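Read the structure below first, then the notes.
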Amino acid sequence: MPTIAEVLTVTERLWPASGAESWDAPGLVTGDPAATVTRVLLTVDAVSGTINEAVDGAFDLVLAHHPLLLRGVTSVAEDRYKGALVARLIRAGCGLLTAHTNADVVPDGVSDVLASRLGLVDAGPIVPGTDSGSGLGRVGRLREPTTLGDLARALADLLPPTATGVRVGGDYARPITTIALCGGAGDAFLGESAVRAADVYITSDLRHHPASEALEQSLVAGGPALIDISHWAAEWLWLDVAAEQLRSALSDVEFVVSDLRTDPWDFVVVQ
Ligand SMILES: [Zn+2]
């Protein structure tokens with residue numbers, strides 16, 4: 001059976017740490033690199049539900065997209081939730097590994113998977129990275145034009161269900177051919193030329209002011225409609241592709257994608 005260190009060699013090849021944003025903290029969070037690995041649980045978030053699933057299911061390693069420890073900590077006391085999660089993992093002998101922005105930028109990364117699930121062709125990054133084909137976000141076009149409403153419906157069918165569903169800013173019947181998208185929180189790219197030139201921009205966590213200002217700008221100078229999807233749902237799609245890549249590199253190890261919904265919203269009241 002491979003060790004955590006051998007799993008890290010594979011993850012570094014798939015998602016090189018050099019591709020991570022400067023503020024990010026991907027890599028091994030808990031676990032002994034010399035420990036052997038037979039079962040790995042893939043999840044977007046290392047939260048109580050998924051950590052319990054890993055420990056109760058006798059997994060040796062959790063691969064999470066979001067870092068549990070992103071900023072400096074001075075305590076892992078167990079009366080705070082991160083300390084409690086870290087302690088639970090260590091006591092259970094379960095490692096925690098994260099692949100975050102380094103998994104966003106690569107071909108077959110988080111945004112790339114969403115682009116290919118939507119059937120985009122000629123897709124390239126919104127913000128190109130150092131390697132060809134890599135970079136943040138994706139922009140591409142549909143083979144056949146659709147409408148904004150039908151695209152939103154297709155997204156709703158494609159993504160795992162969440163309470164907040166798919167929110168749209170723009171006319172239902174607007175023709176759509178060119179799509180820009182960013183899995184995760186992508187409001188930083190609202191002003192990018194590749195986004196402004198698209199018919200629609202799909203991302204998550206759009207707040208009132210950035211969304212309102214982008215749509216107002218579209219009224220005066222042309223620009224994209226907006227579709228806001230669940231951050232968790234957008235990134236969860238990537239886990240199946242990541243698991244398949246890991247399976248082909250480490251055939252002795254079982255890779256399981258957690259079905260637990262770690263989107264924070266449980267219900268909405270529609271007026
Ligand atoms: Zn994210």
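FYI, the numbering just counts along the sequence from 1. Keep in mind the model is a prediction, meaning the values are calculated, not measured. Each ligand, and each atom within it, is numbered from 1 in the order the structure gives.
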Q | Heteroatom N/O/S of E235 within less than 2.8 Å of the Zn ion (ligand 1) | A | yes

**Q.** N/O/S atom of H231 inside 2.8 Å of the Zn ion (ligand 1), strictly under
**A.** yes

Q) Does any N, O or S atom of H66, backbone or side chain, fall under 2.8 Å from the Zn ion (ligand 1)? A) yes

Q) Just by distance, with hydrogens left out, do D263 and T162 show a side-chain donor and acceptor under 3.5 Å apart? A) no

Q | Charged N-O contact under 4.0 Å between E78 and R91 | A | yes

Q. Hey, are H66 and E235 close enough side-chain-wise for a donor-acceptor pair under 3.5 Å?
A. yes

(Q) Can you tell whether the side chains of R88 and D56 come within less than 4.0 Å, N to carboxylate O? (A) yes

